[in-house]
Amino acid sequence: GEKAAVPAAGGPKPLTKIILQTDWYAQPEHGGFYQALAKGYYRDAGLDVSIEQGGPNTIAGQKLLMGDIQFCIGRSDDVIVTVARGLPVVIAGALMQRDPQAIMFHKGSGIHGFKDLDGRNVMTTPGANFIPIMEKKYGIKISITPLDFGLSRFLADPNFVQQCFITNEPFYVRKQGADIGTLLLSDTGFSPYRVWFTSRKFATENPEAVRAFTAASVRGWREYMEGDRTAANDLIRKDNKQMMPEFMDYGVSAMKQYQLVAGDPAKGETYGQIRPERIAEQIRQLVEIGVLEQPLKVEDVLDGHLLLPAPGSAPAK
Amino acid sequence: MKRLRSWINPLCAGALLIALWYTVRRVCHVEAWLLPTPGEILKAAWQERSTLFAAVLITSRGAMLGFLMAVGGGFLLAMVLGFSRLIKESFYPYILIMQMMPVTILAPIFVLWLGQGLPSIVAITFMIGFFPIVANTTMGFISVDRNLQELFLMCKATRGQEIRYLRIPGAMPYFLTGMKIAGTLAPIGAIVGDFLAGSTINGQGGIGYMTLAYSSQLKTPALFATGFVACLLGFIFVGGVNLLHWYLLHKWHDSLVKKE
Amino acid sequence: MKRLRSWINPLCAGALLIALWYTVRRVCHVEAWLLPTPGEILKAAWQERSTLFAAVLITSRGAMLGFLMAVGGGFLLAMVLGFSRLIKESFYPYILIMQMMPVTILAPIFVLWLGQGLPSIVAITFMIGFFPIVANTTMGFISVDRNLQELFLMCKATRGQEIRYLRIPGAMPYFLTGMKIAGTLAPIGAIVGDFLAGSTINGQGGIGYMTLAYSSQLKTPALFATGFVACLLGFIFVGGVNLLHWYLLHKWHDSLVKKE
Amino acid sequence: MTNPPIVRIDNIGKRFGTGPLVLDGINLAVDRGEFISFIGPSGCGKSTLLRLIAGLTDASTGSLVVDGMTPVNAREEMFFVFQDANLLPWRRVAANVELPLLLRGDTAYHREARVREMLQIVGLEAAAGKYPWQLSGGMKMRVSIARALSVAPAILLLDEPFGALDEMTRDQLNEDLLRIRQRDAFTAFFVTHSVTEAVFLSTRIVVLSANPGRIAGVIPVPFAYPRTAELRETPEFLKLLAETSHALRAVRH
Amino acid sequence: MTNPPIVRIDNIGKRFGTGPLVLDGINLAVDRGEFISFIGPSGCGKSTLLRLIAGLTDASTGSLVVDGMTPVNAREEMFFVFQDANLLPWRRVAANVELPLLLRGDTAYHREARVREMLQIVGLEAAAGKYPWQLSGGMKMRVSIARALSVAPAILLLDEPFGALDEMTRDQLNEDLLRIRQRDAFTAFFVTHSVTEAVFLSTRIVVLSANPGRIAGVIPVPFAYPRTAELRETPEFLKLLAETSHALRAVRH
Ligand SMILES: Nc1ncnc2c1ncn2[C@@H]1O[C@H](COP(=O)(O)OP(=O)(O)OP(=O)(O)O)[C@@H](O)[C@H]1O
Ligand SMILES: Nc1ncnc2c1ncn2[C@@H]1O[C@H](COP(=O)(O)OP(=O)(O)OP(=O)(O)O)[C@@H](O)[C@H]1O
Ligand SMILES: [Mg+2]
Ligand SMILES: [Mg+2]
């Protein structure tokens, strides 16, 4: 990572330059970052943050290690696999306590739970970790069609089953009058976080910046979910003209409805929180299905010094 | 009169195809979100005109640069291969590998080395378009009339002269055909590039991005409009190549000369 | 001796490229997860051999059928276009549209009409491969020597006879070049088809599926192994076409005849 | 009542595109069974005239009737020995000779016999299995001649068929041609640069002048058929030869 | 002390691939400035012999030395008028004639003058801007001749250059060729089917027999240069003509 060379003498502290690469085109699922950016929380924390949008083939992990970017977004299980494959990255904070990925199906197709997927064809990401875990847990076998991010085949075929973001696709298919049901993947018992992570190198060299980024992001997220979203939404729309207000509202309400971002307060979950136990559980599950040849230590993917001080407490300034 | 006919025929055929299209929609009960009618597509194109226009501008840059590089690079490569049997024998298999290696696998490397956006898109377009040119031009080079080769031997022509004055002009019909194929592949290449290595600039993506966005939003008419816009882009390439074809060959080549 | 040389050269070149590869890894500090070494790739290929083998079987079926259909269909289409100026003028633009329309847009329609799996994959492979054949063969058809055309006029040859005995043999060098291009595109077509219309039957996907799976699991060496397996498949096609080229042309065509 | 001419050329003019006149005011009526030779300087329009008769190109002015039809419709009755051998490079010698027979639907049995016969006439039995690129220039032309003779057309158009052949072969083929003519009674239009050949073969010799091509004179050849090699030595023959040579030389400006 | 021969052919034999012998036991030593004509039946190997001298094909047995070098190395001094005109279809007439000059690096100024001169000799000034497909057969050959003459080679190989030309043009070009030879003193190897031409042009006539091609006889032509059109009418000329014709006919079996 490179730092901005702003002279320190007497002036403001030099800002650390940070690029966050998201996992998709700008959308409400990135709202908190945009909020923090729009409201200047990053700047207040001494960071010069810019957000790069991802897309269908974002290779964020590699870019992280090349030093092209400093943070990116992904599921915690993918981060674990990334580390296991020898890419030294580290999780810094959770943007969602529960992953928004879900299975979407037509109401009339006779699916009520995961068990009913047995023998069916599901359009999803090949190689996704939830597949073998789900198959194992429910004793089912599915066949897979690669996800093409389109929806017309789902609409055309009443028996079509497709993976989706619960905050996203249901909006469009419902608009076309489809009567659909969804199953959140985290209900399978395999519940990864959606996290932001950085390279070990950057974290070691700039622990302050990482902590500051996490704190400002959490602040942004809290405000995006609970406060006035206009600033963030304007920025999102600027980055992605396809974002209609109606759609963004839907996304936010879905995130709220399924307690995706802050999690379940009853369980003590909150914005940004990462619990090592959950990471350990995910590692165990990944070993069980053979994705990991040998178990990792939680410390391989987490660095306690970087995480928020304690569950539930206010974000550090 | 002749010129008129050359417009009327495709128009009639087009009308026929459109009629067929509407019939399919009716008879097979296909829905708009799967196969919109030309009318719906036009309407969507009009509604989205500013977005589409901006997308085309972005993509056409990548397609054009990639196409030009494929043409230039393919031609040069074919020339090198034609120049030396040794090089051809040694490296042709690896050129084939490069062509046949799925671009999805190489895309991450491009992105990391060239960065997200235009350079990577151009590289991907190049990858997709250059082989037809290499294959055709090489075939043109080695198909040169033996008798003319003997003439050049008698002239003590250097290898370079032989290539310049004999093989290149002789291979033109093949080269231009390769260019035509590359021209149809260039927009596709840029779209694939957009998928694999694109980025949105000021919130505006290229055609590849738009197809993804529209298809994930179920805006099928707009999706098809995007497709046709991509075709229009392709027509510009193919039209340009056809003009070049005419310009270079109409004086002498059997495909164009009107012998009375 | 000659035969030996034709093996040694590519092998030397290959050794050179592999050395270059290792050097790039060393010098540019590229990591295994971006560009694995040939050794790592081979290891991964060996570890995943059963999966890869099954994937190749699945994909090669689609690629082979799609290739054959592209060859047959492209040839027929070129013949029809060569047969009738009217048809050519009327429909060529629409053939171009079909070629240039991004396959992602048409794929859902194929899947709906042909069903998931092989038929759609074949259709997509066909779509990707047929135009090089059409373009080349058409060019071959219209490049036929005028003097030979006059001979056929004097023979009162029917249009069909002219095509069979004059245009088809005369267009062979062009047609075979088109076939070569289609051959390199066929595995890519099947892989794209796998992306867009494939599904895992009995838990086993084709090569396209495997590239997606490996890349989402960050198994980069295995990903590259998949790519090389795709190339191997392509080599079979290109090799077949080369054999055909030799068989059909070595007796008379300047590209192969050894005139002493 | 006389028979109508098999070919009637009426005031034909020909220019290519917007170029200069290549042929101008050509008038000629040819009866069935005649053997017409065209001689004239290089580039005067002889090949063009043959192509006009064959309907391979259209006259710019004037009219041309072949056997009561347009040239294009009368093609069935004609065959052309082109100035270049015009062989299909992918067919062996025998297959090249066979081609017109194949195209008109003759049986394989008949074709084979016919091809063998024709190759024998032109002395190429031994080369039947060769490809065109393996032939010498003269051999190619002989294949082309064999091909034309194989169809036994009513009208034979020959554009310098024997130009690439040595004297012996040429004389031999001249005699062969007359022998076949005796049997098949074809009408011939024959372009040559050899005055001897023209006098030996023709019923009439048409001398063309150049720029634009015009008929400078028509020389009737009175010798009766069958003509034999001895004719070449007779004083009448030599006289006509000198006369024709003179007429040809007069054409040059 | 005599000069060494410019071309020495020693017991040359030639077969293509595993085919029959095409040329057998050819021996010939040619002095600088000679004009050697080859005559013989079609397919006897005349073109092959020229191609051997030019180094365009290798002898199967025997040795061939051109100006003390291998044929390939001596190519600089040679030029070939091929049996087919062999023009580049994408170059206009003038550009085709210009080609060898261009390739050897002559200046544009010199090239233009030379091309104009050569086209004038072959009578094609008016066709300078035409493409090959717009030319008559004879015109194409004349372009090819102009191209060869333009480089003024020390050794000129001519494969039936005048076969497609009318008598007048041919005689004219014969005389032109001798005139140029007077000036440039090239050595010529000349294939022809016209005995008259051979006798008129040559210092020696080589008669070849066929299957395999062998030298059946070498006829020296004693007439002094410069030779003019009148020579053709002299009794000595006619006598040698008859003699050569006889030798040629004797070759046929
Ligand atoms: N490339 C080749 N491959 C095989 N055979 C060949 C080849 N070229 C020529 N021949 C054979 O060699 C023999 C001599 O051919 P060549 O062209 O030298 O004859 P030629 O004396 O020039 O005859 P012509 O007067 O008809 O031009 C012929 O029988 C021909 O079939
Ligand atoms: N397709 C064409 N386009 C333009 N001009 C042509 C074409 N064909 C022939 N010509 C011109 O027409 C004239 C006559 O040509 P043609 O071939 O009839 O001559 P020719 O009498 O057969 O000569 P040769 O004895 O040399 O074969 C020439 O000047 C030639 O340039
Ligand atoms: Mg002519
Ligand atoms: Mg010859």
Side-chain angles (χ1 to χ4, degrees), chain B residues 5-6 9-10 12-14 17 30 34-35 86 89-94 96-97 99-106 108-109 112 131-132 135-136 139 142-146 173-174 177 180-181 184 187-188 191 207-208 211 215 223-224 226-228 230-231 233-235 238 253-255 257 259, chain C residues 5-6 9-10 12-14 17 34-35 86 89-94 96-97 99-106 108-109 112 131-132 135-136 139 142-146 173-174 176-177 180-181 184 187-188 191 207-208 211 215 223-224 226-228 230-231 233-235 238 253-255 257 259:
Chain B
R5 226 195 56 186
S6 80
N9 284 338
C12 290
L17 289 175
V30 185
L34 193 61
L35 183 65
L86 183 78
E89 269 180 5
S90 310
F91 289 98
Y92 207 65
Y94 304 99
L96 279 177
I97 288 184
Q99 165 71 13
M100 296 189 290
M101 179 65 79
V103 75
T104 37
I105 293 176
L106 296 178
I109 299 182
L112 283 176
F131 184 72
N136 263 25
M139 185 65 186
I142 64 174
S143 295
V144 160
D145 189 337
R146 293 271 159 166
Y174 277 91
T177 312
K180 239 171 266 184
I181 298 172
T184 65
I188 295 181
I191 289 169
I207 292 184
T211 63
S215 86
L223 177 65
F224 270 80
T226 315
F228 280 105
C231 290
L233 191 58
F235 272 116
V238 175
H253 193 250
D254 279 333
S255 67
V257 151
K259 200 172 168 188
Chain C
R5 227 197 54 185
S6 80
N9 286 338
C12 290
L17 289 175
L34 185 61
L35 183 64
L86 184 78
E89 270 180 3
S90 310
F91 289 98
Y92 206 65
Y94 304 100
L96 279 176
I97 288 184
Q99 165 70 14
M100 295 188 290
M101 178 66 81
V103 75
T104 37
I105 295 177
L106 297 177
I109 301 179
L112 184 79
F131 184 74
N136 262 24
M139 185 66 186
I142 64 174
S143 295
V144 160
D145 189 337
R146 293 272 158 167
Y174 277 92
L176 288 165
T177 312
K180 240 170 267 184
I181 298 172
T184 65
I188 296 181
I191 288 169
I207 292 183
T211 65
S215 89
L223 179 64
F224 271 80
T226 316
F228 280 105
C231 290
L233 191 57
F235 273 116
V238 175
H253 192 250
D254 279 333
S255 67
V257 151
K259 202 175 168 185

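Values below: every heavy atom of this structure, side chains too, minus hydrogens, waters and symmetry copies. First the proteins, then the strands, lettered A, B, ... as listed; each starts at 1.
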query = What residues, two or more places apart in sequence or in another chain, satisfy side-chain contact (heavy atoms from CB on, under 4.5 Å) together with C/I181?
reply = B/F131, B/P132, B/A135, B/N136, B/I181, C/P132, C/L185
ask   = Who wins among C/I191, C/I109, C/V144, C/T226 for the most heavy-atom pairs under 4.5 Å with chain B?
value = C/I109
ask   = Just by modelled atom types, is the B/P10 backbone N or O under 3.5 Å from a matching donor or acceptor in the C/Y94 side chain?
value = yes
message = Between B/P93, B/A230, B/G208, who has the most heavy-atom pairs with chain C when the cutoff is under 4.5 Å?
response = B/P93
note = Applying a strict 4.5 Å limit to non-hydrogen atoms, the region of B/V103 in contact with chain C is neither
task = Identify the heavy atoms of B/S90 and C/A13 that sit nearest to each other, and give their distance.
result = O-CB, 3.3 Å
request  = Would you mind checking which part of C/I105 comes under 4.5 Å of any heavy atom in chain B, side chain (CB onward), backbone (N, CA, C, O), both or neither?
outcome  = both
message = Using heavy-atom distances under 4.5 Å, tell me whether C/T104 contacts chain B through its side chain, its backbone, both, or neither.
response = side chain
remark   = Value for CD1 (C/I188) from CD (B/Q99), rounded to nearest 0.5 Å, stands at 5.0 Å
query = Contact part of C/I97 toward chain B, heavy-atom cut-off under 4.5 Å: side chain, backbone, both or neither?
reply = both
note = Rounding to 0.5 Å, atoms CE (C/M100) and SG (B/C231) come to a distance of 5.0 Å
B/S255: partners by side-chain contact (heavy atoms from CB on, under 4.5 Å), with sequence neighbours left out = B/H245, B/L249, B/H253, C/M139, C/I142, C/S143
query = Do you know which of C/F91, C/F235, C/F228 has the most heavy-atom pairs under 4.5 Å to chain B?
reply = C/F235
message = Does any part of the side chain of B/L86, heavy atoms only, come nearer than 4.5 Å to the side chain of C/N9, both counted from C-beta?
response = yes
request  = Among C/L96, C/L106, C/T211, single out the residue with the greatest number of heavy-atom pairs under 4.5 Å to chain B.
outcome  = C/L96
